[in-house]
Each structure stands twice: as structure tokens, then as C-alpha cells.
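My questions will all concern the structure given below.
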2 protein chains.
Amino acid sequence: MSELIFSLKTELRRGTLTLAVLSQLQTPQYGYSLAQRLEENNVSIDQSTLYPLLRRLEKQELLTSEWDTTENRPRKYYLLSEFGQEVFKQLKEEWHNTSMQLNSML
Amino acid sequence: MSELIFSLKTELRRGTLTLAVLSQLQTPQYGYSLAQRLEENNVSIDQSTLYPLLRRLEKQELLTSEWDTTENRPRKYYLLSEFGQEVFKQLKEEWHNTSMQLNSML
DNA sequence: TACATTACTGTACGTCATACACTATACGAT
DNA sequence: ATCGTATAGTGTATGACGTACAGTAATGTA
């Protein structure tokens, strides 16, 4: 049973993780700090989930990135692109609609 | 862009559709009427999406079904199983948690 | 010195909404 | 009687993404 619950919970996370990540990149963040920020917001996420997602969102041109190599540790900072801002706005709306629909049924 | 938005919206639907369907099967419903009920709740769903989902949920033992062939048209009625009740309860909780997390970030 | 932490890249797999194809019949309009 | 729509269902393949796993590398701490 817990396997099924886990699987269903994973399905719920699809889509919502994208929203959570996009919501935190109005200001530049690097991967590791973003993971911590999400944890602070009770969105538990592993590096093995976050980095591929960041990679994919950049590929989809929702994010831009640039290296900061001035510190001891090189860090890749991500930021919402203009396109990403638009998409984020629409997804927020979709989330809101979905929320209302589902909350009225549960 | 709209392709990307569509794809991201589809990801949001994963998981939420299961919840919506389970929520409407506390009482017996047949496929077609369930689709209409969901439409009434602003959950737009095609038959090509609903029937495979019902099939899958039954396979996962969340639903039981039985044929009513007394009417002119044979209809397959679905109902939440006891196991399905438990799973549904847990998913509701998960949805609530996810909602709160995301709403506090958006 | 050793281990944990910090920070990242690359790839394969399982799951499911969706799309498509299909079957069948009742009902309503003509 | 005919035709198109609505009603009601089955079966299967595809693409996308969270997850898991493997890996690299260097800094910080005990």
C-alpha cells in the first residue's frame, strides 16, 4: 500500500515542483541554496531531483543561468527569464484554478 | 509556448485527476455520468482519459465495479473500495499539505 | 587524515495523462 | 427508414518528468 501511496504522491509532485522552483527564482539562486530554501518551505527535494529539473527548465528557456567563480566554490546561479515570468504567471493561475476545483470537491 | 504551457498543465493534472475521481466515487457512478459530474465541477476530462484511469484505479484495488444490465444500455458502476477509502484519505491529506506549501510560496 | 558538506553533471526507468483507434447501440431529427 | 449525435465502453502507444543511481570535485570540520 505504501508503494502505491508513494507513487500517487510522486504524481502529485509533478507540476507542483516546477511551480515551487519557479516561484523561488524571481531572484538569483544557486542550486544548493535553492534546495535549502525549498526545504525551509517544507518542500523536500533531493539534489538528484533538483539539478535535472533546473537543467530542464533552462533548456525550456524558463530560466537563465550564469556561473559565479569568484568565491571559493564555483556556483551556478539561476534566474527566471522574461519568458519564464510569463509562463510562471500562467502556471500560477492554473494552479489556482486546479486548487479551487479540487478543494470544492474534497 | 502554448505547447510548453499545455505540457506543464498536464503535469499538474497528474495526481489531481486521481483525487478528483476518487472524491466522486463515495457513491456508485458509471463512467459516462462520472465524466459529466466532473465537468460540472469544472474538471474537464475526455472519455479517452477517464476510462483508462478508472480501469487503472480498479486494477490498483482502489475501486470496485459491477455491471448494471437492467437498463437499455449496460453500464459499469464504480465505487470506492475500503482500501480506496484509506488511500483517498491519505491523498487528501497529501493534497492539503502540498496546497499549503505551494500557496505559501506563490 | 577522514568524513561530511557543499555543489554539480549525466543517464535510465517507471508511471500516467493523453491521443488514437475501435465497438456498439439508443435516441432524436428529418 | 435513415442519419448523425449522444451515450457507453475497450484497448494500446507515446511523451514527459520525478526519481534513483552513478559519478566528479573540492572545501570545511573534527
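A note on names: the letters A, B, ... follow the listed sequences, proteins ahead of strands, and every chain is numbered from 1.
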What is the distance from CG of B:Leu53 to C1' of D:dG11, rounded to the nearest Å?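 The distance from CG of B:Leu53 to C1' of D:dG11 comes to 15 Å, rounded to the nearest Å.
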The side chain of A:Thr49 is closest to which nucleotide in this list: C:dT15, D:dT10, D:dG18?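 That would be D:dG18.
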Please confirm whether any donor atom in the side chain of A:Arg56 sits under 3.5 Å from an acceptor in the base of D:dA16, or the reverse.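 In this structure, the two groups form no donor-acceptor pair.
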Closest approach to the side chain of A:Tyr51, judged atom by atom: which nucleotide of D:dG18, C:dA7, D:dA16 is it?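 Nucleotide nearest to A:Tyr51's side chain: C:dA7.
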Under the rule for side chain to side chain contact (heavy atoms under 4.5 Å, CB included), what residues qualify as partners of A:Ser99, not counting sequence neighbours?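 Once residues adjacent in sequence are excluded, the partners of A:Ser99 under the side chain to side chain contact (heavy atoms under 4.5 Å, CB included) criterion are A:Trp95, A:Asn103, B:Trp95, B:Ser99.
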Which pairs would a plain distance check flag for residues 30-44 of chain A, meaning a side-chain donor or acceptor within less than 3.5 Å of a matching protein atom at least two apart in sequence or in another chain?
residue : atom : partner : partner atom : Å
A:Tyr30 : OH   : A:Arg75 : NH2          : 3.4
A:Ser33 : OG   : A:Gln29 : OE1          : 3.0
A:Ser33 : OG   : A:Tyr30 : O            : 3.1
A:Arg37 : NH1  : A:Gln24 : OE1          : 3.2
A:Glu39 : OE2  : A:Ile45 : N            : 3.4
A:Asn41 : ND2  : A:Arg37 : O            : 2.9

Shortest non-hydrogen separation from A:Pro74 to A:Asn72 and the atoms involved: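 Closest heavy-atom pair between A:Pro74 and A:Asn72: CD-O, 3.8 Å.
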Residue list, salt bridge (Lys or Arg N to Asp or Glu O under 4.0 Å) with B:Lys9, at least two apart or on another chain: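 Applying salt bridge (Lys or Arg N to Asp or Glu O under 4.0 Å) to B:Lys9 gives A:Glu94.
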side-chain contact (heavy atoms from CB on, under 4.5 Å), that's the test. Do B:Leu62 and B:Leu25 meet it? Break it down for me. CA-CA 10 Å; B:Leu62 303 185; B:Leu25 293 174; over 6 Å; no
Report the distance from atom CG of B:Leu8 to atom P of D:dC17, rounded to the nearest whole Å.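 The answer, rounded to whole Å, is 6 Å.
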Nearest whole Å is fine: how far is D:dA6 P from B:Asp46 CG?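 After rounding, the gap between these two atoms is 14 Å.
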Between C:dT18, D:dA16, C:dC8, which nucleotide has the shortest distance from any of its atoms to the side chain of B:Phe6?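 Comparing C:dT18, D:dA16, C:dC8 against the side chain of B:Phe6, the answer is C:dT18.
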Return the nearest nucleotide to the side chain of A:Arg55; candidates are C:dC8, D:dA16, D:dA20.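 The nucleotide sitting nearest to the side chain is C:dC8.
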Name the closest nucleotide to the B:Tyr30 side chain, picking from D:dG9, C:dT18, C:dA7.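 Looking only at heavy atoms from C-beta outward on B:Tyr30, the closest nucleotide is D:dG9.
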Please pick, from D:dG18, D:dG9, D:dC17, the nucleotide with the shortest atom-to-atom distance to any side-chain atom of A:Thr10.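 In terms of side-chain proximity for A:Thr10, the closest of D:dG18, D:dG9, D:dC17 is D:dG18.
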Nearest-nucleotide comparison on DNA chain D, the residue closer to the 5′ end among A:Arg14 and B:Pro74: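 Closest to the 5' end, via its nearest nucleotide, is B:Pro74.
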Candidate nucleotides D:dG9, D:dT12, C:dC8, ranked by approach to the side chain of B:Lys76 - the nearest: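 The closest nucleotide is D:dG9.
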Among D:dC17, C:dA7, D:dG15, the nucleotide that comes nearest once only the side chain of A:Tyr32 is considered: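 Looking only at side-chain atoms, A:Tyr32 lies closest to C:dA7.
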Every protein N/O lying under 3.5 Å from an N/O of nucleotides 25-28 of chain D:
residue : atom : partner : partner atom : Å
D:dT27  : O4'  : A:Arg73 : NH2          : 3.3
D:dT27  : O2   : A:Arg73 : NH2          : 3.0

Going by heavy atoms in the side chains, are B:Thr16 and A:Leu12 under 4.5 Å from each other?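 Side-chain contact under 4.5 Å: yes.
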By the salt bridge (charged side-chain N to carboxylate O under 4.0 Å, His left out) test, which pairs, at least two apart or in different chains, include something from residues 54-69 of chain A?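 Sorted pair list comes back empty.
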Writing each nucleotide of DNA chain C 5' to 3' as (, ), [, ], | or . by Watson-Crick or G-U pairing under 3.5 Å yields ||||||||||||||||||||||||||||||
Base C:dA19 paired with B:Ser48 side chain (donor-acceptor, <3.5 Å):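 Checked by distance alone, the answer is yes.
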Expressed as a whole number of angstroms, how long is the span from A:Arg75:CZ to C:dT5:C1'?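 The distance from CZ of A:Arg75 to C1' of C:dT5 comes to 12 Å, rounded to the nearest Å.
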